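Below: one structure, written as structure tokens.
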Number of protein chains: 4
Amino acid sequence: MRLEKLRQEVCDANLQLNKSGLVLFTWGNVSGYEPDEKLVVIKPSGISYDELTPDLLTIVNLEGKIVEGELNPSTDTPTHLELYKAFPGIGGIAHTHSTYATVWAQLCKELPCYGTTHADFFYGAVPVTRQLTAAEVKDNYEQNTGKVIVELFKERNPLEMPAVLVANHGPFTWGANPAKSVENSIVLEEVSKTALWTKDLIEIDKSIPDYLLDKHYLRKHGSGAYYGQK
Amino acid sequence: MRLEKLRQEVCDANLQLNKSGLVLFTWGNVSGYEPDEKLVVIKPSGISYDELTPDLLTIVNLEGKIVEGELNPSTDTPTHLELYKAFPGIGGIAHTHSTYATVWAQLCKELPCYGTTHADFFYGAVPVTRQLTAAEVKDNYEQNTGKVIVELFKERNPLEMPAVLVANHGPFTWGANPAKSVENSIVLEEVSKTALWTKDLIEIDKSIPDYLLDKHYLRKHGSGAYYGQK
Amino acid sequence: MRLEKLRQEVCDANLQLNKSGLVLFTWGNVSGYEPDEKLVVIKPSGISYDELTPDLLTIVNLEGKIVEGELNPSTDTPTHLELYKAFPGIGGIAHTHSTYATVWAQLCKELPCYGTTHADFFYGAVPVTRQLTAAEVKDNYEQNTGKVIVELFKERNPLEMPAVLVANHGPFTWGANPAKSVENSIVLEEVSKTALWTKDLIEIDKSIPDYLLDKHYLRKHGSGAYYGQK
Amino acid sequence: MRLEKLRQEVCDANLQLNKSGLVLFTWGNVSGYEPDEKLVVIKPSGISYDELTPDLLTIVNLEGKIVEGELNPSTDTPTHLELYKAFPGIGGIAHTHSTYATVWAQLCKELPCYGTTHADFFYGAVPVTRQLTAAEVKDNYEQNTGKVIVELFKERNPLEMPAVLVANHGPFTWGANPAKSVENSIVLEEVSKTALWTKDLIEIDKSIPDYLLDKHYLRKHGSGAYYGQK
């Protein structure tokens, strides 16, 4: 029952990702997590968004074993699994090669927080992973991609920083549910774009003051939030 | 009666803002002012443009007290109020996080007047506020945002310069009515974009000659204007 | 009869210009020329493209006197007239503030010929006018804009270079008829964009070799052309 | 029979190219190859995509002689023919002047492999041709364009590098069939765009590690591929 609902949510989120203009062809995937059964619903690999329906989605357990579905899950599934295992409280993950977030990933640079749009969603600079070693790429590449992401969050709260840039590759974002992970991908792309032009012209590399970051992040998130309706 | 008309205008202007491509999600708001009753009609906070109707708008007085409506007004309402109190003659205000105007705001740089497109609408460089202090951010942040804007206009005429960049944040624009404030947001975005690429490649930082600025601004505005139909 | 046909062509070309995405609001205009009667059909000033119909167009003679129509012609009419007087053989003129061509105009730089796309349409670098003097701006500004354009073509063939950048302002393009002038505006915008990024990253400022320019321009134009169908 | 199918495929691929936003006007062409009869089906020169139907396509043999069709083939036909003669196994070729790939061609720079998006499709930096000499441009220009492309592939496998940048001109891409050649044009444009902004901001000019390039290219191509469904 909950899994059926999650299937629908994951399908809707994948279609929303496609509609947002962040993906070319099949270059993106969204998954959702059912924490009680510890199961992940994910887009099948290489399937066009045009033909995606909830029943085509693949369900795997946290070891990556297919529990339901006839299609191979996204090649990036082992990356998703590492994140669900390490980040309690997240219910959806999105991966894209969206243009501007990918530029930052290709630069192997963290995305500085230059403005309040960024601060409304991400509590500080969006981190970038280290490059994977040759050994990490050779075997279990996709799982190791997840592991280098998790490395970055030893000292970070993934609920306050629901995005990461994988060096030379592209972004992953997450959230309380699949739709939120897609929303974070859209926001990340927009702030990646404004930050790119800001960095291109800025004379001294400076982010916004911490007190402004705090104000914006905390007026939208947490117990003192006062943005939107109750 | 006048308030009902203003409700419709503010709703239309918010929908126009959304249609213009300047906003993602709910990242923008337009308000309108009724000077006789000193009331402000404004978009409610966090409501999607898709579901916005005139009756959902919130009406507040200049102290920010809700006079009509069940929804919280935009979080940025105190900023709007400071502007209506300080700038006699304006009837509408728009706020966005539009990409290129936001870049200039993030650069904490005034937007130079590099061409006649800019001069047709804004009489000189569009000013940028100083950064707010930690104390100004901590309490009454949105009101203080309005105050730092007003500071800039001690020596400027807000009717000749219907736009401002808030440092690290984004633009506010205004006009005789809500629709005009949105038009100014659209123009500001376009001139922010052309100015960005101009600045990126220009060898000596120069704006257009004053006499050309005067010509273009004054052929569209004021008693000697000769653009358009009578 | 010929004038009625021209009215339709000028109206269509204005609508095509709008559809091409080169104009915001009413920031553009197209005219057409009837050489036997020496009359110019032009868009009226400040009229929205949505409401433009052939009968709303204004017809003026080469002295700028309205011959037909109740609406003021485009403010830029005197510029168009100077070009029709000086450039025999052109039948249409378009003016826009399109983003990337405007950047080059704001840079006050000629647009270098970096590639064959450019060479297919413009026989060398697209020239930029000198800045107008204060006196030229003060009186007869729009006519003087035409005169500084004409200055540039003393040594150039306007049929081989159907475009110009007005310093601090924007582009004018022309052609055998109104539709061709719009086509040249669209091409100018595209090559302005590619040239901008080329210039941004190029190490030594070099245009394409003359022999390649000749080849591309001449395979599409003139007696030896072999592009397209006969 | 096979030729009729190829006509349809080439027509569809040309329409797909147009729909992808990579071409303005008629600035692009796709061809397909029938290896048994050694015939090439190609877009006719200067024909609008709106009016393109399979029966309008021109069929030529490898010497460029028209075998079927009343319209002149694309001016670039001799370039296509050189590639079909030199690259066994390719079944379709696409040529565009798409914005960002053209920038790289205008820079006369190979397109570095900065990320995995690129590595998924092109096995290393996309090469750029040398500039043609005056003699090569003067006579048999389009054929010589093909020859300088072929020069670059003496040491390269065209099946692993299905794209090239012609200096000062634009890209050609190819693939197993016409649709694949268009897909490669779309991918080339996207990676050209991300690489442009990466190059603009990167401090040390570095491509991705070889082991990462290998992993990404080989997980999608060849006998060990594991992307998508079987």
Side-chain angles (χ1 to χ4, degrees), chain B residues 16 19-22 98-100 111-121 125 175 179-180 182-221 224-230, chain C residues 21 23-28 44-48 56 58 69-77 95-109 131-142 144-145 165-171 192-193 195-202 205:
Chain B
Q16 178 61 28
K19 205 177 134 195
S20 70
L22 297 192
S98 67
T99 308
Y100 294 95
L111 173 66
C113 179
Y114 286 130
T116 62
T117 322
H118 181 127
D120 282 335
F121 289 82
K180 275 285 172 193
V182 171
E183 180 179 323
N184 284 332
S185 283
I186 296 170
V187 175
L188 181 64
E189 181 65 3
E190 176 63 16
V191 297
S192 294
K193 187 175 182 182
T194 51
L196 187 67
W197 313 136
T198 304
K199 184 174 171 57
D200 198 26
L201 286 180
I202 213 162
E203 275 130 42
I204 303 156
D205 200 349
K206 55 175 177 185
S207 300
I208 68 174
D210 277 352
Y211 54 82
L212 185 57
L213 171 61
D214 285 358
K215 184 70 179 189
H216 267 263
Y217 190 79
L218 300 174
R219 76 175 186 169
K220 285 195 85 168
H221 305 270
Y226 58 94
Y227 181 94
Q229 308 300 325
K230 265 160 217 146
Chain C
V23 295
L24 272 177
F25 306 112
T26 60
W27 305 355
S45 183
I47 298 296
S48 161
L56 286 181
T58 306
E70 312 221 328
L71 297 170
N72 294 342
S74 165
T75 338
D76 298 310
T77 301
H95 172 51
T96 77
H97 288 214
S98 67
T99 308
Y100 293 95
T102 297
V103 169
W104 284 96
Q106 292 188 166
L107 287 166
C108 305
K109 290 264 188 198
Q131 293 185 296
L132 278 75
T133 64
E136 286 168 337
V137 167
K138 186 160 180 288
D139 295 315
N140 304 316
Y141 168 60
E142 291 82 7
N144 289 329
T145 299
L165 303 165
V166 178
N168 294 130
H169 188 150
S192 293
K193 187 175 183 183
L196 187 67
W197 311 135
T198 303
K199 183 173 171 58
D200 197 27
L201 286 179
I202 213 162
D205 199 349

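In this text the structure is predicted, and so the values were computed from the model without any measurement. Residue numbers start from 1 in every chain, and the chains themselves are labelled A, B, ... in the order their sequence lines are given, proteins ahead of strands.
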Which atoms of [X] come close to chain C, meaning under 4.5 Å heavy atom to heavy atom: side chain ones, backbone ones, both, or neither?
X: D214(B); answer: neither
X: A119(B); answer: neither
X: H216(B); answer: side chain

Where on [X] is there a heavy atom nearer than 4.5 Å to chain B: the side chain, the backbone, both, or neither?
X: L132(C); value: backbone
X: Q131(C); value: side chain
X: T26(C); value: both
X: K109(C); value: side chain
X: P44(C); value: both
X: T102(C); value: side chain
X: L71(C); value: both

Using salt bridge (charged side-chain N to carboxylate O under 4.0 Å, His left out) as the criterion, list what pairs up with K180(B), not counting sequence neighbours.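 Expected list: E183(B).
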For a 4.5 angstrom cut-off between non-hydrogen side-chain atoms, does [X] reach [Y]?
X: W197(B); Y: Q106(C); result: no
X: Y141(C); Y: T75(C); result: no
X: K215(B); Y: T116(B); result: no

Below 30° counts as parallel, above 60° as perpendicular, anything between as tilted: where do the rings of H97(C) and H95(C) land?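 Rings of H97(C) and H95(C): perpendicular, as their planes differ by over 60°.
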Give the C-alpha distance, both sets of side-chain angles, the deciding distance and a yes or no for side chain to side chain donor-acceptor pair (under 3.5 Å) between E142(C) and T77(C). CA-CA 7 Å; E142(C) 291 82 7; T77(C) 301; over 6 Å; no
Does the H169(C) side chain pair with the main chain of G115(B), one donor and one acceptor, at a distance under 3.5 Å? no
